[in-house]
Amino acid sequence: MAQLAEELERRMEELRAEIRRAVIAGDRARASELRRRLRATDREWEEALARLAAPQAPGGPGPGAGPGPGADAGEPAGRRGGALLTVRERVHQALTLLGAPAAPRLIVAVYEAFYAGELPAARLTSLRRDEERSFRSAPHARPYYLCAALSADLLAPARGLLAVSTWPMERRVIGPLSPRVDYLTAAIGVAERLLATGQPPAAARRLLWRFAVNIPGAASGPAGLDPGQVAAAARAELAVHADADAAHRAAAARRALDQLDSAGQLFGGGGLRLLRGGAAR
Amino acid sequence: MSVLTALARAQAWQAGRAQPVATVRHVHVAPRPFVFVPLALAGEACAPLAAMAGDDPADPRLLVVAQPRNRTQRFAFAAELGRELLRYIGGFPAGGAGEEGAGAAADRGTAGQGAGEGGEGERAVPPDAPQVWLPNRAGIGFTRLLGRSTRFRRAEGEHAVDPVVPVLGRWLTFLAERSEHPGSCLMLAATEALALHWATGQSPAEDLNLASLIGWIDPPAWTDGREAARAAEDPLAWPPAGPATDPGFDNEVLARLIAACDRAEAGGGEAARAKAALGEALAGQLEPAWRLTWRAIGLLRALPEGGHVAGRWEADRRAFGWHAAHLRDGGPPQPRRDSAVAAARRLDSMERAAASLAVQRALDDPLVMAEHRLAGEALAGRVTAAEPDRVITGPSGRRVLRPLVTVRTHDPVSVEPGTVLAPPGRPNQHARVESVAPLGARGAGMAGASGASGASGASGAGAGAAGETEVVLELSGGMGQRLTPAPGSVPGVGDWVCYATLRDEYQPPAGFPEPEQTPWTHGGPPRPYEPTDEDAREAWS
Amino acid sequence: MNAVEARLDRLRGSAAPRAHNARTISALASNPGCARRAVMDAAGVDKQRVAAHVGHPAPFGQSQFAITRGNAFEAQVKAGGCAQLLRLLRERLRLPIPEVSYANLDDVAGDTSNKVRHARTRALLARAAASGQDAGTLFDHPLLRLRAGGRAVYLEPDLIAFQLRGRFHVVEIKSFAVIDGQADGGKVAAAVIQSAVYVLALRDLLAELGTGPEAVSDEVVLVCPKDFSNEPTAALLDVRKQLTVLRRQLARLDRIEDLLAQIPQAVTFDLEPDAAGVPRRDRRALELAIGAVPARYTPECLETCEMCRFCREEAAGSTAALGRATRDDLGGIDDIGTVLELARGSVPPADHQAEAAAAIRAAARMRGEILGATG
Amino acid sequence: MTGEMRAQRAGGAGGDGGAGRHDGARGHGGAGAVELARRAADDILGALAALSAGTPGPAPGSAGAGSAGAGEAIAGRGLVVDSPPGAGKSTLVARAALRLAGAGEPVMVVAQTNEQVDDLAVRLASLSPQLPVGRLSAADYVQTERVARHPRVTVGRQPADLSGCQVIVATAAKWASLTGDAAWPWAIIDEAYQMRSDMLLRIAGRFGRALFVGDPGQLDPFTVVRTERWTGLPWDPQVSAVAVLLAHNPGLPVRQLPVSWRLPASAAPVVSEAFYPFSGFMAGTGPGERSLSFQAAGFGAGPADEAIELAARDGWALYEMPARHAPRTDGEAVAACARLAERLLARGAIAVSELAPGGRPVTGDRIAIGTAHRDQARAVRQALRDLAAAPAGGAAGPLAAELGRVTVDTANRLQGREFDVTIVLHPLSGRVDADEFHLESGRLCVLASRHRHACVVVARAGIPELLDAHPSREPVHIDVPARFPDGWEAHHSVMAHLAARTVRAW
């Protein structure tokens with residue numbers, strides 16, 4: 001049995017070398033064929049090892065396996081999460097703190113900074129699609145959905161942003177100034193949460209610092225980071241953009257409410273159709 | 001480059017083997033050098049991935065960073081490397097007043113040998129110094145960056161690191177900086193040291209590949225340099241000698257193994273197995289370069305040492321002593337960039353070293369001197385007439401010994417009457433050119449080419465006077481005090497002699513203002529560099 | 001389709017054309033004297049596959065670590081409405097505080113086709129150039145178009161910033177580090193020439209809209225990680241020199257028919273793939289076809305051109321293969337064999353070789369004299 | 001320095017800013033030029049006087065006030081004057097020195113070579129016979145005749161030897177080697193673009209204020225040490241004195257001399273366009289104000305005669321030989337250079353100009369042959385000697401003597417010199433490929449701007465193609481201003497002008 005495993009290991013080594021040569025030669029077809037064979041060999045090898053180690057149960061997930069098909073977004077959080085929250089609940093918590101549409105990266109950072117739990121970024125990639133599927137099969141069955149932010153001009157889903165369905169439409173559309181406005185809003189959210197926390201975790205302070213450096217007058221040095229000052233500075237800049245942004249968003253929100261059905265309002269209209277339609281009008 | 005080296009390349013191509021461009025070794029090769037072969041993670045400024053290091057070819061120390069983006073693991077790597085390097089450096093007593101070994105300043109517990117007395121002002125030159133080899137210049141660049149990213153760290157405070165880390169940084173910085181100094185041999189790149197002595201049948205760009213360079217210089221018995229050099233370009237057979245890894249290795253092997261280490265870490269199990277697999281793969285990438293670097297050292301060691309090499313090594317030993325003392329005395333780390341005065345001083349010192357190196361190499365090595373002969377700045381030939389006892393009345397009215405020597409040479413002579421030449425190896429003698437007379441057909445020499453009769457004399461060497469020149473020289477100095485020359489101080493008829501415009505004269509350092517006197521044209525006096533907390537906790541991500 | 005295009009299509013054969021991009025256009029300047037490269041690029045030939053089929057693939061490849069790092073850094077700089085970039089532009093270039101407007105041109109309502117993205121880019125930039133008021137500040141991944149060798153090439157800069165002193169600035173985000181104010185000169189040079197391509201394309205686009213070239217700055221903003229951190233830093237780089245080089249090389253590219261006229265009509269680089277996409281072209285025939293277009297090999301090609309290994313093999317035995325300096329020192333004599341014959345004096349030099357021969361003979365004599373004596 | 005300041009400077013040096021641009025200054029000639037030049041010179045001298053009279057600078061020697069920030073104070077410490085070829089730079093240096101010395105301010109004058117020092121000392125002494133001029137020299141300096149001739153020039157080893165001199169001239173190296181803390185309120189630094197930053201560092205402590213004069217189009221200083229260690233630093237010791245000065249004092253005024261008195265109307269626009277694209281200058285004389293003619297006809301006129309005749313008519317000629325890769329000392333090209341000089345002398349060229357309205361023979365000492373490399377110059381000198389030994393025309397004696405007086409040298413050593421006719425062995429002639437050295441714009445600029453009447457360029461065919469094929473892969477560095485003009489572009493520009501003025505030698 002051990003011999004077989006060794007044999008398989010040698011075979012995998014050879015396959016990898018062949019793949020490297022195929023890649024150098026620009027032979028994509030051959031490379032992918034070889035990769036397929038490598039994966040198969042890899043599985044055989046895993047099995048051989050498993051048989052070798054038969055007495056004990058295999059520890060940990062097998063190599064190469066990502067979150068399995070069973071890794072549903074509704075699955076409870078891992079051991080270290082403490083509070084048994086689902087992924088969607090954790091995302092909702094983070095978004096609520098931020099108070100504005102945000103990218104998965106920021107959502108993860110906020111959650112891990114404030115809630116001392118884990119939020120694997122990979123889980124967020126399919127979240128919006130799952131939510132949309134759930135909404136379409138049973139509309140409004142849940143108290144909230146994690147939905148898209150919509151681009152103000154075309155009312156199409158804005159790339160890579162998540163929002164909460166219970167937010168007013170104005171908050172969920174993204175005009176040209178909105179990315180900055182939302183950034184400042186998020187900074188305020190983080191700063192205020194820090195102010196409200198007696199002993200803020202170091203990760204949360206680091207998160208605020210990352211905001212602060214990008215806001216004029218928000219910070220003088222990592223040692224002298226003052227959440228109150230950050231919030232004030234963010235508000236000061238926000239005042240510059242707020243009116244124009246609000247006007248833009250309000251107009252777009254009205255259009256969205258007029259033109260889109262309830263699913264469209266949450267997950268975006270067929271943008272191009274709209275674009276063409278608009279051009280035809 | 002010159003016609004000479006170019007011709008050697010052409011000959012190497014045809015012979016299928018590198019050709020010598022030096023007859024002696026121009027670099028110092030330590031009896032016990034330290035070899036450092038680093039690998040870095042692609043895409044990062046300075047993320048160590050793995051290294052082989054040590055002073056025993058049979059027993060390299062393998063260092064591996066399982067997750068190269070992890071700061072803690074990086075510093076662990078630096079600490080481990082630091083201990084290895086400081087153990088080595090600690091073996092060299094660094095002079096000074098009954099001091100411990102140089103590395104001892106940092107490496108507690110390494111007791112070096114005492115090194116004589118040495119006063120406060122006059123520091124004794126250390127009897128020996130460490131010598132670190134990397135496979136190539138890019139390796140030295142990585143060393144410099146590794147030094148830069150570690151030397152400002154501190155052993156205490158918020159971002160404390162192992163105390164050995166900043167010391168490592170300062171040594172690496174010292175060595176990498178010194179490697180820019182012309183003629184210094186404290187830190188060498190194997191490719192450059194080899195290329196100084198051999199010309200291959202490929203381009204200098206291809207010579208940057210150590211495996212292929214050694215393929216030309218010392219091909220395996222069953223093949224020739226051309227084949228060996230080509231074979232050396234296959235990254236599967238000969239992984240690149242670092243610090244960059246082969247992208248194919250990264251994509252097909254390394255990524256999977258690092259991921260396995262991560263999972264093992266997270267999952268708690270299998271960690272040892274995953275780390276071992278990663279270490280094995282990286283060792284496979286490093287080992288060929290490790291062996292090649294030692295082979296390069298061996299190839300060079302086999303050459304006889306040039307006459308001035310020891311003198312330059314003494315300057316290196318002195319520099320080593322200074323740096324060791326600076327560390328010992330608690331001096332600050334090297335600043336990020338040179339100040340105006342420091343930069344100008346260093347340039348002056350480098351320019352003087354470069355000029356001296358160029359002359360010394362020519363004086364040590366007839367093949368290097370030949371480059372100067374081809375350029376018309378030196379000439380060599382046979383003495384056809386000599387008047388060793390010639391005495392004339394000098395300008396002051398005194399009778400002086402001024403022998404005349406007539407040299408017949410094939411070299412393209414471009415010195416003009418009145419030029420003063422010097423014979424290599426007789427530092428006190430001067431030879432003033434009295435006359436230059438072409439013999440026979442002109443035009444074979446490059447400098448004299450008028451295009452008129454260049455095609456004559458194709459019959460090759462030997463025949464007659466075609467292209468020969470007769471030069472009459474008047475000698476002075478270096479012949480003793482009397483009006484007859486000391487025996488052997490004037491060449492006789494039939495002797496083979498060489499005279500050159502080069503002279504290895506000591507140039508005193510130029511005077512520069514003190515840094516606090518930096519003038520307004522150069523930004524005024526700089527704030528003296530003081531290491532800050534900011535420096536110490538600089539991100540390394 | 002005009003005659004030139006038809007000819008180029010024949011040269012390429014059945015494969016889909018590989019479009020020029022900023023990198024290949026920049027590469028025009030890296031060996032502009034090479035007809036082989038000019039023709040193959042103009043025809044959109046996949047040089048790597050051709051080189052591989054004749055047994056000389058170039059050892060190029062990118063590590064996934066480098067790619068990941070590059071993408072992550074760009075994403076980080078642009079995150080939060082380009083929060084980090086805004087800071088740099090404000091600090092280094094005095095971008096006014098109200099200028100934060102951001103448009104993502106990666107797609108248009110999910111449509112990622114070049115045509116739609118370009119149209120959208122054009123519309124937004126036209127509005128910016130025309131009004132100045134409410135005109136937009138940051139254009140993320142705009143899609144520009146440049147005519148190169150008679151074909152339209154789509155180009156995607158990392159970002160274009162407007163309202164920096166009233167002009168458009170090309171912003172290029174690279175993940176190589178700037179350490180204590182210094183970066184790798186080769187990498188900066190590559191970034192600068194690539195940015196110059198974008199400047200040209202942007203000026204073309206604005207010219208179509210009736211806006212003069214001065215609306216686009218000839219300084220570009222290069223954003224890189226600072227020291228060993230992930231923190232970005234910005235530098236302004238003057239691209240005027242690169243613009244003149246590119247303009248000349250693009251003008252030469254437009255005269256590709258002059259090169260085509262010198263190639264036999266039958267020449268094609270078609271790999272003749274079978275139904276499964278496996279190339280079936282006779283290897284020798286393909287070698288002959290490649291050989292029909294003259295190359296100008298120098299060892300520097302090993303860094304930049306997919307055909308390098310083939311050309312090097314072809315150039316074996318020539319002084320060019322030994323490097324520029326060597327060939328220069330040998331008086332421009334092309335063939336190593338000739339050099340050595342001249343060195344031995346076994347053949348009389350041709351008239352034009354007399355001086356080179358004299359120098360080579362002198363060198364050979366000295367080497368013989370010295371190495372003969374010392375062994 | 002902030003990025004903003006640096007950005008502005010980079011812009012100012014190029015197309016964006018346009019400060020100091022003399023758009024109207026292209027073209028040539030006549031009273032307008034005289035007036036323009038006079039105004040520029042007066043303006044500069046006036047600015048100096050104002051600086052002198054203004055807030056007293058910090059005491060020389062104490063570098064304390066150097067700490068930046070006080071832009072005004074620093075702006076008051078100096079002035080840079082860019083001078084295109086033959087624009088009266090030496091005259092300006094002399095006038096400025098006398099003006100300052102006349103106002104009671106002792107001046108140290110810094111030149112780069114002993115020859116330049118002698119030139120300046122003699123010029124100063126001639127301009128103002130009542131002013132004692134000091135010349136500091138090293139121990140091994142042998143006094144030249146022209147210096148010895150001037151009773152008002154005193155030679156000394158140390159400033160103490162020259163205590164009566166308000167103006168002291170010496171090489172930068174000599175100034176740098178002085179000990180003690182002698183200091184001067186003013187310095188005038190000549191050929192400042194050819195002086196290296198580290199040399200300025202050595203002498204800058206000796207003066208309070210300074211006038212920097214030089215030609216930005218000529219060759220940059222160089223070093224044998226190849227390192228990027230200081231690249232991008234404002235005090236990089238390898239850059240020119242002016243570069244380091246302006247990097248630290250961006251507010252310092254930079255003026256231009258707008259008129260070349262050397263270059264003829266045929267040459268000024270070409271040189272201005274190719275090498276001074278952003279400042280520009282004009283010729284002091286108009287078309288037709290100078291002429292070159294021959295006393296003897298060219299019997300059986302060969303291409304060499306055709307070339308010199310074309311150059312005499314037009315100011316330029318390209319003597320083009322068949323394309324071929326050749327070693328540096330290309331025998332045919334070398335012979336052609338010598339042959340052209342011989343034909344000029346044999347034909348008895350006469351130069352008519354504002355300096356010699358009645359005409360003056362172009363003797364051997366009025367002709368220069370310029371090359372890129374020393375071995376080329378040696379080869380040309382040998383070819384001239386061969387011709388002198390057996391001149392083609394047979395008329396030995398005087399012609400042989402004149403051939404011996406022709407100056408043959410490299411661009412580096414021709415800097416600052418002036419001739420009636422120059423013959424230039426093109427740096428790219430016969431080359432397989434161009435490289436940094438041969439493309440350097442300063443080299444071509446020096447070679448193409450030494451003449452008062454005509455310039456004949458000798459080259460093998462194929463240079464435009466060589467330039468087209470030249471790869472562009474020089475490294476680019478952050479915080480290093482791009483060098484303008486670009487050599488590649490300048491070469492293209494000059495070749496484009498010569499294309500229509502080509503005489504084929506075959």
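Convention: sequence-line order gives letters A, B, ...; per-chain numbering from 1.
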Search all heavy atoms of [X] against all heavy atoms of [Y] and return the closest pair with its distance.
X: W520(B); Y: H248(D); value: O-CB, 4.2 Å
X: L201(D); Y: A340(B); value: CD2-O, 3.7 Å
X: W235(D); Y: A343(B); value: CD1-CB, 4.4 Å
X: R337(B); Y: R229(D); value: NH2-O, 3.4 Å
X: P237(D); Y: A344(B); value: CB-CA, 4.0 Å
X: R202(D); Y: G511(B); value: NE-O, 2.9 Å

Handout entry: Verdict with reasoning, W230(D) to L347(B), per side-chain contact (heavy atoms from CB on, under 4.5 Å)
Key = CA-CA 10 Å; W230(D) 306 294; L347(B) 175 60; 3.7 Å; yes
Problem - Residue F222(D) excluded, over 12 heavy atoms near CZ under 6.0 Å - result: no
Handout entry: R413(D) atom CZ, neighbour heavy-atom count above 12 within 6.0 Å
Key = no
Completion exercise
With T521(B) as partner, the option from I189(D), I203(D), L245(D) fulfilling side-chain contact (heavy atoms from CB on, under 4.5 Å) is L245(D)
Problem - Region of T179(D) in contact with chain B, defined by heavy-atom distances below 4.5 Å - result: neither
Exercise for the section: Measure R374(D) against the heavy atoms of chain B and call it side chain, backbone, both or neither at under 4.5 Å. Expected result: side chain
Interface moiety of [X] toward chain D, non-hydrogen atoms closer than 4.5 Å:
X: A358(B); answer: neither
X: E351(B); answer: both
X: E514(B); answer: neither

Practice task
Hey, could you give me the CG/CD distance between D375(D) and E377(B), rounded to the nearest 0.5 Å?
Solution key: 9.5 Å
Problem - Backbone of S197(D) reached by a side-chain donor or acceptor of H522(B) within 3.5 Å - result: yes
